[in-house]
Amino acid sequence: VPCTPGPTLTEEACARSFVERFGRRAFRRPLGSAEIDRYVAAWAGKRARSDFAGGVRLVIAALLQSPSFLYRPEIAGGAGATVALDGFELASRLSYLMWASMPDDALLDAAAAGKLARTDGLEAEARRLLADAKATAALASFHGQWLEAERVSTVDKDERLFPELTPAVREAMRAEPGRFAAHVLREDDGRFPTLLTASYGIVDGALARLYGGRETVDGKMDLPAGQRAGVLTMLAPMTVLSLGAEPSPIHRGKWVRERFLCQSIPDPPPDVMATPPLVDPAVPTRERFR
């Protein structure tokens, strides 16, 4: 509570101040006058049966059960309307993208001042959020989902062919896209082409050996020239987008079309011949699919 009731401040005035301040954080926007009155009335009803603090506890419980806290509604234009988002709706989008969490007071203040309506103001806040340590976990989560790295923890592989795929190695593979993305953003040029073409990886000792390194590395490592570059050839997506005992160019090609080029692959025609040809073990996988 940002105040203490006393001779110069009534309990109700202090409760109203709390509703306005805590409500803005919980709803990620200022409360309307009718909303404030409703929560103050809830406080007063509880205060009559309890004490000042009991009323505050009831307000907290009510605010944290509201759909405006539990969800992120975008209602500036009303149902069916196509309008620009207001500053507070932009602040929520920005914060949950960059931090996977709610806006802080500085971002809410920028929204209130109309700064997010300007390109330079929006960029300044985006850069501030990305520079914060809280962005690291969100970056890792975003790139892990995009590259389907989470699936490497459970994907089935032939243990006889891949005995090195231990739980520890799987965990290192799962974490690699996030570590790499954070390095590109914070220590390299922060550009999308670098995510695709960088000649280095951010690895630990287990991954360094799998990438062909002669020494144990925990950090930046040059990748084998002509074999690896950027996120497309990382171990996690390469492992997930293959079969139990061999690679799958079809799965990988479909994945690139959908995840990188945003092109949906339609179903095959109903009269297509779907029986695959016999596999010649003497022919490399890449040659069979040319």
Carefully, step by step, assess K115 and E125 under the rule salt bridge (charged side-chain N to carboxylate O under 4.0 Å, His left out). CA-CA 9 Å; K115 294 180 180 179; E125 285 301 307; over 6 Å; no
Which heavy atom of [X] sits nearest a heavy atom of [Y], and at what distance?
{"X": "L185", "Y": "L139", "result": "CD2-CD1, 3.4 Å"}
{"X": "P2", "Y": "S17", "result": "CG-OG, 3.7 Å"}
{"X": "D204", "Y": "A172", "result": "OD2-CB, 3.3 Å"}
{"X": "P30", "Y": "R24", "result": "N-CG, 4.0 Å"}
{"X": "F180", "Y": "T194", "result": "CZ-O, 4.0 Å"}
{"X": "C3", "Y": "L9", "result": "CB-CD2, 3.6 Å"}

Side-chain donor/acceptor of [X] to backbone N/O of [Y], under 3.5 Å:
{"X": "R252", "Y": "L241", "result": "yes"}
{"X": "Q65", "Y": "A61", "result": "yes"}
{"X": "E287", "Y": "P284", "result": "no"}
{"X": "R186", "Y": "L130", "result": "yes"}
{"X": "R28", "Y": "A26", "result": "yes"}

Under-4.0 Å salt bridge between [X] and [Y]:
{"X": "R16", "Y": "D37", "value": "yes"}
{"X": "E74", "Y": "R93", "value": "yes"}
{"X": "R127", "Y": "E123", "value": "yes"}
{"X": "E164", "Y": "R209", "value": "no"}

Might you work through the side-chain contact (heavy atoms from CB on, under 4.5 Å) test for L243 and H251, ending with a clear yes or no? CA-CA 9 Å; L243 305 178; H251 284 89; 4.0 Å; yes
Residue pair S242 / E246, side-chain donor-acceptor N/O under 3.5 Å: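 No - no donor-acceptor pair under 3.5 Å links their side chains.
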Give the cluster check for [X] versus [Y]: same hydrophobic cluster or not, with ILVMFWY residues linked at side-chain heavy-atom distances below 4.5 Å.
{"X": "V203", "Y": "L232", "value": "yes"}
{"X": "Y96", "Y": "F142", "value": "no"}
{"X": "V184", "Y": "M221", "value": "yes"}
{"X": "M238", "Y": "L196", "value": "no"}
{"X": "M102", "Y": "L116", "value": "no"}

D105 and R21: salt bridge (charged side-chain N to carboxylate O under 4.0 Å, His left out), yes or no, with the steps? CA-CA 10 Å; D105 283 330; R21 180 174 175 176; 5.5 Å; no
[X] versus [Y]: any side-chain heavy-atom pair under 4.5 Å?
{"X": "D86", "Y": "R29", "value": "no"}
{"X": "W255", "Y": "E148", "value": "yes"}
{"X": "F88", "Y": "P103", "value": "no"}
{"X": "E176", "Y": "I202", "value": "no"}
{"X": "L107", "Y": "R128", "value": "yes"}
{"X": "F162", "Y": "T239", "value": "no"}
{"X": "V231", "Y": "P177", "value": "no"}
{"X": "D132", "Y": "M98", "value": "no"}

Please round to the nearest 0.5 Å and tell me the distance separating atom [atom1] of [X] and atom [atom2] of [Y].
{"X": "R38", "Y": "S66", "atom1": "CZ", "atom2": "OG", "answer": "8.0 Å"}
{"X": "E20", "Y": "I36", "atom1": "CD", "atom2": "CD1", "answer": "4.0 Å"}
{"X": "R257", "Y": "S264", "atom1": "CZ", "atom2": "OG", "answer": "9.5 Å"}
{"X": "T166", "Y": "E171", "atom1": "OG1", "atom2": "CD", "answer": "10.5 Å"}
{"X": "E150", "Y": "Q145", "atom1": "CD", "atom2": "CD", "answer": "7.5 Å"}
{"X": "S92", "Y": "L85", "atom1": "OG", "atom2": "CG", "answer": "10.0 Å"}

Is the positively charged end of R228 above the ring of Y211, judged by distance under 6.0 angstrom from the centroid and angle within 45° of the axis?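 The answer is no, since R228 fails at least one limit relative to Y211.
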Y200 vs H183, side-chain contact (heavy atoms from CB on, under 4.5 Å): CA-CA, chis, key distance, verdict: CA-CA 11 Å; Y200 63 85; H183 180 91; 3.3 Å; yes
Taking atom NZ of K157 as the centre, does the number of heavy atoms from other residues, nucleotides or ligands within less than 6.0 Å exceed 12?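 Yes, the 6.0 Å shell around NZ holds more than 12 heavy atoms from other groups.
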For the CG atom on D189, are there more than 12 heavy atoms of other groups (residues, nucleotides or ligands in this structure) within a distance under 6.0 Å? yes
Carefully, step by step, assess L108 and R25 under the rule side-chain contact (heavy atoms from CB on, under 4.5 Å). CA-CA 8 Å; L108 292 175; R25 294 299 308 279; 4.0 Å; yes
Parallel, tilted or perpendicular: which one describes the rings of [X] and [Y], with boundaries at 30° and 60°?
{"X": "Y39", "Y": "F27", "value": "perpendicular"}
{"X": "F18", "Y": "F22", "value": "parallel"}
{"X": "W43", "Y": "F52", "value": "perpendicular"}
{"X": "F192", "Y": "W146", "value": "tilted"}

